[in-house]
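Scroll down for the structure; my scribbles are underneath it.
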Amino acid sequence: MAKRRGHGEDAIYFEHTGDCRDSGNHRQCPGRWRGAVSLGFDADGNRIRKRVNGRNKTEIRAKLAELHDDLDDGVVIEAGYTVQTAIQDWLRDGLPGRSAKTVSTYTEVTDPLCGIIGKISLRDLTAADVRSALTKLGATRSTRTLSIAHASLTRAIRAAEANGKVRRNVAALIDTPMGQKGRPSRSLAFQQAVALIAAARGTALYAYIVLSLLVGVRTEEARALKWDHVDLDGDPDAAPPVPPHVAVWRSVRTHGDTKTKKSRRTLKLPRMAVEALRVQVQCQADARLLAGIVWQEHGLVFASAVGTPLDASDVRRSLRAISRKAKIGEDWAPRDMRHTFVSLLSDNGMAIEEISRLVGHSSTNVTETVYRHELRPVISTGAEIMDKLFSTGEQPGAAQQDPH
């Protein structure tokens with residue numbers, strides 16, 4: 001035994017699991033080499049020890065030296081503190097202010113990772129272990145899912161590192177491997193968009209679809225849109241005249257803000273969107289009357305049958321049914337309508353810089369700085385092109401359209 005750096009005595013010994021065959025070196029003996037360092041006594045007078053295992057004395061000495069370094073740095077590495085425990089601690093304590101849905105998403109992407117390396121002690125985890133686990137997941141999951149899983153593991157180990165549970169973050173030492181290709185976003189052809197609008201007439205999602213296709217709002221922005229931010233009349237007598245418009249200043253994100261500050265924008269409404277929203281006013285009034293005392297008023301433009309916020313799954317399910325009715329296929333996602341908006345504008349000659357303004361993407365256009373102010377200009381170019389595209393004598397739905 002030897003004393004080391006004030007931590008107590010080091011002990012190196014062979015732990016037999018069978019009969020001893022070599023009392024001198026234990027080379028042929030069943031069992032394992034172990035090392036221990038004494039850390040004093042607990043309140044009950046029991047000795048506190050930290051132990052390491054190895055194949056031989058040399059390996060034990062190296063591990064004991066590393067253990068002393070950890071103790072000197074205040075790192076208390078527990079053999080029972082596993083990767084899964086570190087992830088669970090991070091999910092519980094490392095995501096303050098995040099919504100329950102966000103925590104659920106991180107839980108879903110890290111569960112498969114825990115199934116592969118969750119039982120490994122965090123102190124024994126290697127970069128090779130992480131790379132192997134992510135590569136295995138990549139055989140069945142998208143690159144985006146792998147990136148989220150890798151980032152989550154890195155953050156979980158960083159939290160453990162900050163709490164003195166591990167010396168270094170091995171997950172940060174590797175790059176995320178490639179996974180499977182995710183579902184690419186697509187855009188509807190013009191005739192498909194017309195067919196979708198026609199099929200949506202008379203449904204609860206009609207105005208939602210019109211607003212997404214003709215104004216380009218994100219689905220998270222549409223679900224959070226309030227009537228206070230919709231002006232269906234404008235002010236034609238103002239100087240300059242104010243057209244009917246929608247103020248896209250909110251989303252269903254945790255803090256109610258848009259994706260970025262530059263996503264806040266006020267957009268002129270095409271005539272079809274104005275008409276669809278007027279229909280929505282009446283439809284919601286009917287729903288409120290039908291619901292009676294169970295109606296919950298939130299001031300939302302798009303709400304459930306009892307006034308509560310729409311869930312993303314509600315929108316996806318309704319869109320699939322309407323797409324099926326329109327005979328354009330069922331595999332369309334709500335975000336595809338926003339891509340359609342961009343595609344239609346681009347196909348009709350609008351500059352990409354102006355499209356970026358409409359969808360709230362640009363970070364270089366000087367006009368974007370105006371969005372940071374409380375009063376924002378009404379951007380009308382998108383509505384003008386949509387009026388031109390959808391200004392035929394017949395409204396979609398009045399006549400049979402060929403979606404193909």
Side-chain angles (χ1 to χ4, degrees), residues 193-219 221-238 240-251 265-292 295-310 314-315 318-319 321-322 325-326 334 337-338 340-341 344 358 376 378-399 401:
V194 170
L196 184 66
I197 292 174
R201 290 182 70 85
T203 71
L205 211 64
Y206 173 57
Y208 191 107
I209 287 176
V210 171
L211 199 65
S212 299
L213 283 172
L214 274 64
V215 183
V217 297
R218 295 179 175 93
T219 183
E221 296 166 344
R223 287 188 284 124
L225 185 63
K226 291 195 171 187
W227 286 114
D228 289 345
H229 289 167
V230 177
D231 185 347
L232 298 180
D233 299 312
D235 188 355
D237 297 327
V242 178
H245 59 274
V246 58
V248 185
W249 297 353
R250 300 181 68 253
S251 78
R265 57 211 187 277
T266 303
L267 305 167
K268 177 183 175 181
L269 290 169
R271 285 188 294 273
M272 183 183 291
V274 173
E275 293 165 3
L277 287 169
R278 290 193 190 281
V279 172
Q280 180 68 7
V281 171
Q282 185 58 51
C283 289
Q284 197 170 92
D286 294 341
R288 187 183 292 107
L289 185 63
L290 183 64
W295 180 268
Q296 300 179 38
E297 186 57 62
H298 293 277
L300 294 168
V301 176
F302 305 108
S304 71
V306 293
T308 54
L310 287 177
D314 297 329
V315 177
S318 297
L319 180 61
I322 295 170
K325 180 181 176 182
M337 293 187 287
R338 177 172 160 90
T340 299
F341 170 77
L344 290 175
L358 287 167
R376 299 164 179 83
V378 176
I379 307 172
S380 62
T381 46
E384 291 165 0
I385 284 184
M386 288 301 172
D387 277 337
K388 175 183 174 183
L389 284 173
F390 290 90
S391 62
T392 59
E394 294 181 339
Q395 291 291 327
Q401 299 289 340

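Count residues from 1 along the sequence.
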Looking only at heavy atoms, what is the nearest atom pair of Q284 and L300, with distance?
NE2-O, 3.0 Å
Measure the CE-OG1 distance between M337 and T219 for me, rounded to the nearest 0.5 Å.
6.5 Å
Any pair with a residue in residues 240-249 that passes salt bridge (charged side-chain N to carboxylate O under 4.0 Å, His left out), sequence neighbours left out, goes on the list, sorted by first then second residue, please.
none
Under 3.5 Å, is there a donor-acceptor pair between the side chain of Y208 and the main chain of R223?
no
Go through the structure and list residues passing side chain to side chain donor-acceptor pair (under 3.5 Å) with E297, not counting sequence neighbours.
R288, W295
dist L310:CG -> L205:CG (nearest 0.5 Å) comes out at 7.5 Å
Below 4.5 Å, heavy atoms only, C-beta onward: do V246 and V301 meet side chain to side chain?
no
When you measure from the side chain of Q280 to the backbone N and O of F302, does any donor-acceptor pair fall under 3.5 Å?
no
For R338 and V217, indicate whether the former's side chain and the latter's backbone hold a donor-acceptor pair under 3.5 Å.
no
Could you walk me through whether V279 and R201 satisfy the side chain to side chain contact (heavy atoms under 4.5 Å, CB included) test, starting with their C-alpha distance in whole Å, then the side-chain angles of each, then the deciding distance to 0.1 Å, before giving a yes or no?
CA-CA 10 Å; V279 172; R201 290 182 70 85; over 6 Å; no
For R278, side chain to side chain donor-acceptor pair (under 3.5 Å) partners two or more places apart:
D233
When every non-hydrogen atom of A193 is compared with those of T340, the smallest separation belongs to CB-CG2, 4.4 Å
For T308, the side chain to side chain donor-acceptor pair (under 3.5 Å) test, sequence neighbours excluded, returns S304
Sequence neighbours excluded, the answer for side chain to side chain donor-acceptor pair (under 3.5 Å) partners of D286 is Q282
Correct closest heavy-atom pair for D387 and M272 would be OD1-N, 4.5 Å
Nearest-0.5 Å distance, CD1 of residue I197 to OG of residue S212:
10.0 Å
In short, V315 meets P334 closest at the heavy-atom pair CG1-CG, 3.8 Å
When rounded to the nearest 0.5 Å, the distance separating NZ of K325 from CG of L196 is 10.5 Å
Value for CD1 (I209) from CD1 (I322), rounded to nearest 0.5 Å, stands at 4.0 Å
Give me the atom names and distance for the closest heavy-atom approach of P244 to V274.
CB-CG2, 3.8 Å
Quick check: closest heavy atoms across A207 and A276, and the distance to 0.1 Å?
CB-O, 3.6 Å
Please identify each residue that fulfils salt bridge (charged side-chain N to carboxylate O under 4.0 Å, His left out) with D314, with sequence neighbours left out.
R317
Hey, what do you get for CG (L269) to NE2 (H245), rounding to the nearest 0.5 Å?
8.0 Å
